[in-house]
Engineer: 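Take a look at the following structure, please.
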Amino acid sequence: MSTKQRSVSVGSIRRERKGTAVVVGASLSGLMTGLALSRAGIDVTILERASAFPHTGAALGGVTERMLEHITGRARTVRDETTHETCQTWSAVHARLRTAVEADPYIRLRHAATVRYVGQDVEAAWATTVDGDMFRADVVIGADGHRSVVRRSVAPHHPDATFAGYTIWLGLVDEPAIGTRHRWPRDSDIFYRGRDCLIGYPLSSPKGSFSPGSRQLGWAWYDTSRNDLLREKGCVVGEVVQHSLRAADVPETTLRELEVEASGLWPSLWRDVISDSVERRAVLGIPIAEYVPDRLVNGRLALVGDAAHVPTPMTGSGFSMSLHDAEVVAEAVAAGVRGPRMAPALERYERARLGRVRASVQSGQQFSRSFAGQAAGARNAAQPVCCRWSRRS
Ligand SMILES: Cc1cc2nc3c(=O)[nH]c(=O)nc-3n(C[C@H](O)[C@H](O)[C@H](O)COP(=O)(O)OP(=O)(O)OC[C@H]3O[C@@H](n4cnc5c(N)ncnc54)[C@H](O)[C@@H]3O)c2cc1C
């Protein structure tokens, strides 16, 4: 331990608890893993680098109410879920999970705690923050997203997710701002035009209303033509996605181009929606990353969620994969938390999940390769197709 480091207690184990875990990252996977571990009898400390969470236009398809009830502790099983699918804002899902975490006496959530590296020995694992604080526990679980620091210690030979060759532009508008001349969509729509794809989806209003005309409309525009811009802005370096393009950093010329292109590509409702987002400079650019894992664990270290596997959002499977990771890893940790049983227990988690998550990412890569790899000049060649967006895998 360097002289600057100091150990931070992750809590003495209460008599009825089985052991301790540190989870790195308090986004959807981290919160779900914390809840699943706590329910399995583990004391949990979650370390999150952010001090506040952004409100973006991001939305999640394939998240059912039943899944949320289950993970937040108000239902018994996810196996008997109905096929009802819905699209919810990322912020609403996150708030729901955070409320459950904050109410759980066996979970401590620490913000502004950026983990620099993780380590382990035969007795324990630990996460060390940039401030030099060291958190020791029986296990450390990386839920720290597609640029995971924990992955560097689990799969040092394959540490980075790679750029899939396209960007998603995201926006969110209030239906009342769009006017009444449109017929409001009942469900998500997807449109393809040559090298572009647009997904439009209704979401509840911030007050929870889902009445047509009072909701929000989200849009996600898959675009292969602006990779150079993302590279110029440092969002993609080499083959690695570094960060998103914040709304404030999207150049005025790009916004105007999107508005003009939208008028030639998309149905009138979505043209107006995009125009409204452009006028408010409320358009976010997300370069898409993908990662096919060949390991999920190393000794007392494990990965879940986007740290473990990154499918294209087109699969609509990131949330459900993360939920299943959370449950299976919690079961494994609870079974093997003491001493030398941890590594074999985590290997059982890897055996249960690796094949499935690899297959899911690979199925998305087929979409990515055909979408990003289409011949230049194909724009406008295809007729628009409209279908349900949310897909489960
Ligand atoms: C545009 C877009 C659309 C999507 N649409 C869908 C969809 O419709 N359906 C679906 O199921 N999935 C979708 N996904 C995927 C889904 O959002 C993720 O799979 C899911 O949210 C799980 O993410 P995560 O919590 O593992 O990672 P992230 O959300 O990346 O969270 C990682 C967390 O770790 C923190 N962190 C990172 N590094 C550190 C560090 N060193 N120390 C401490 N904390 C750290 C971060 O601040 C963050 O809070 C979409 C993704 C994108 C990008």
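Because only heavy atoms are used, hydrogens play no part in the values below, and waters and symmetry mates are left out as well, while side chains stay in. Ligands are counted one by one from 1 in listed order, and the atoms in each one are counted from 1 as well.
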Engineer: Would you mind running through ligand 1 and noting each atom that sits below 4.0 Å from a heavy atom of Ser27?
Structural biologist: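 Close to Ser27: 25 (O), 28 (P), 29 (O), 31 (O), 32 (C), 33 (C), 48 (C), 49 (O).
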
Engineer: Below 3.5 Å, N or O to N or O, backbone or side chain included: is there any such pair between Arg49 and ligand 1?
Structural biologist: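 Yes, there is a polar N/O contact under 3.5 Å.
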
Engineer: Under 3.5 Å between any N/O of Val115 and any N/O of ligand 1: does that happen in this structure?
Structural biologist: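 It does: an N or O of Val115 is found under 3.5 Å from an N or O of ligand 1.
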
Engineer: Take atom CZ in Arg356; do more than 12 heavy atoms of anything else shown fall under 6.0 Å from it?
Structural biologist: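 Result for CZ/Arg356: open.
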
Engineer: For ligand 1, which atoms have a heavy atom of Gly316 less than 4.0 angstrom away?
Structural biologist: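 Ligand 1 atoms under the 4.0 Å threshold to Gly316: 9 (N), 10 (C), 11 (O).
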
Engineer: Return a yes/no value for Ser29: is any of its N or O atoms, backbone included, closer than 3.5 angstrom to an N or O of ligand 1?
Structural biologist: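 Yes, since at least one N or O of Ser29 sits under 3.5 Å from an N or O of ligand 1.
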
Engineer: Quick check: are there more than 12 heavy atoms from other residues, nucleotides or ligands sitting under 6.0 Å from CD of Glu257?
Structural biologist: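 Atom CD in Glu257 is crowded, with more than 12 foreign heavy atoms closer than 6.0 Å.
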
Engineer: Which atoms of ligand 1 sit under 4.0 Å from any heavy atom of Val24?
Structural biologist: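 Contacts of ligand 1 toward Val24, numbered from 1: 42 (N), 43 (C).
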
Engineer: Provide the number and element of each atom of ligand 1 under 4.0 Å from a heavy atom of Gly61.
Structural biologist: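 What qualifies from ligand 1 is 7 (C), 8 (O), 9 (N), 10 (C), 11 (O).
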
Engineer: Just which atoms of ligand 1 are under 4.0 Å from any heavy atom in Gly318?
Structural biologist: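 Within the 4.0 Å cut-off of Gly318, ligand 1 contributes 10 (C), 11 (O), 12 (N), 19 (O).
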
Engineer: Which option, Pro313, Ala112, Ser317, owns the non-hydrogen atom nearest atom 4 (C) of ligand 1?
Structural biologist: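 Going through Pro313, Ala112, Ser317 one by one, Pro313 has the nearest heavy atom to atom 4 (C) of ligand 1.
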
Engineer: Distance under 4.0 Å to a non-hydrogen atom of Val149: what atoms of ligand 1 satisfy this?
Structural biologist: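 That gives atoms 41 (N) of ligand 1.
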
Engineer: Regarding Gln88 and Arg96, is there a side-chain donor-to-acceptor distance under 3.5 Å anywhere?
Structural biologist: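 There is no such pair between these side chains.
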
Engineer: Under the criterion salt bridge (Lys or Arg N to Asp or Glu O under 4.0 Å), I'd like the reasoning laid out for Glu347 against Arg300: C-alpha separation, chi angles, the key distance, then a yes or no.
Structural biologist: CA-CA 10 Å; Glu347 279 162 19; Arg300 293 175 172 275; over 6 Å; no

Engineer: When you measure from the heavy atoms of Ala59 to every atom of ligand 1, does any distance fall below 4.0 Å?
Structural biologist: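 It does; at least one heavy atom falls under 4.0 Å.
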
Engineer: If we count only N and O atoms by modelled type, under 3.5 Å, do the side chains of Glu327 and His70 hold a donor and an acceptor together?
Structural biologist: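 Glu327 vs His70: donor-acceptor pair found between side chains.
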
Engineer: Can you find an N/O atom of Asp306 closer than 3.5 Å to an N/O atom of ligand 1?
Structural biologist: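 There is such a contact, yes.
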
Engineer: Tell me whether Arg17 forms a cation-pi arrangement with Tyr106, defined as NZ or CZ under 6.0 Å from the six-membered ring centre and within 45 degrees of its axis.
Structural biologist: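 Yes, Arg17 lies over the aromatic ring of Tyr106.
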
Engineer: Centre-to-centre under 6.0 Å for Trp219 and Trp169, is that the case here?
Structural biologist: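 Ring centroids of Trp219 and Trp169 are no less than 6.0 Å from each other.
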
Engineer: Where on Leu28 is there a heavy atom closer than 4.0 Å to ligand 1, on the side chain, on the backbone, on both, or on neither?
Structural biologist: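 Both backbone and side chain.
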
Engineer: Show me which atoms of ligand 1 lie under 4.0 Å from any heavy atom of Ala143.
Structural biologist: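 Close to Ala143: 32 (C), 33 (C), 34 (O).
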
Engineer: Do we see a donor-acceptor contact under 3.5 Å between the side chains of Ser214 and Ser209?
Structural biologist: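 Indeed, the side chains of Ser214 and Ser209 share at least one donor-acceptor pair under 3.5 Å.
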
Engineer: For the CD atom on Gln120, are there more than 12 heavy atoms of other groups (residues, nucleotides or ligands in this structure) within a distance under 6.0 Å?
Structural biologist: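 Buried by this count: over 12 neighbours within 6.0 Å.
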
Engineer: Going by heavy-atom distance to atom 6 (C) of ligand 1, choose the closest among Leu60, Leu47, Asp325, Thr33.
Structural biologist: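 The residue whose heavy atom sits nearest atom 6 (C) of ligand 1 is Leu60.
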
Engineer: Which atoms of ligand 1 are found less than 4.0 Å from any heavy atom of Ala113?
Structural biologist: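 Counting atoms of ligand 1 from 1, those under 4.0 Å from Ala113 are 42 (N), 43 (C).
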
Engineer: Below a 4.0 angstrom heavy-atom separation, can you tell me which part of Ser322, side chain or backbone, both or neither, approaches ligand 1?
Structural biologist: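 Ser322 to ligand 1: side-chain contact only, backbone stays beyond 4.0 Å.
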
Engineer: Would you say the side chains of His309 and Asp325 form a donor-acceptor pair under 3.5 Å?
Structural biologist: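 A donor-acceptor contact under 3.5 Å links the two side chains.
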
Engineer: More than 12 heavy atoms of other residues, nucleotides or ligands under 6.0 Å from CZ of Arg246: is that the case?
Structural biologist: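 No, because the 6.0 Å sphere around CZ of Arg246 holds 12 heavy atoms or fewer from other groups.
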
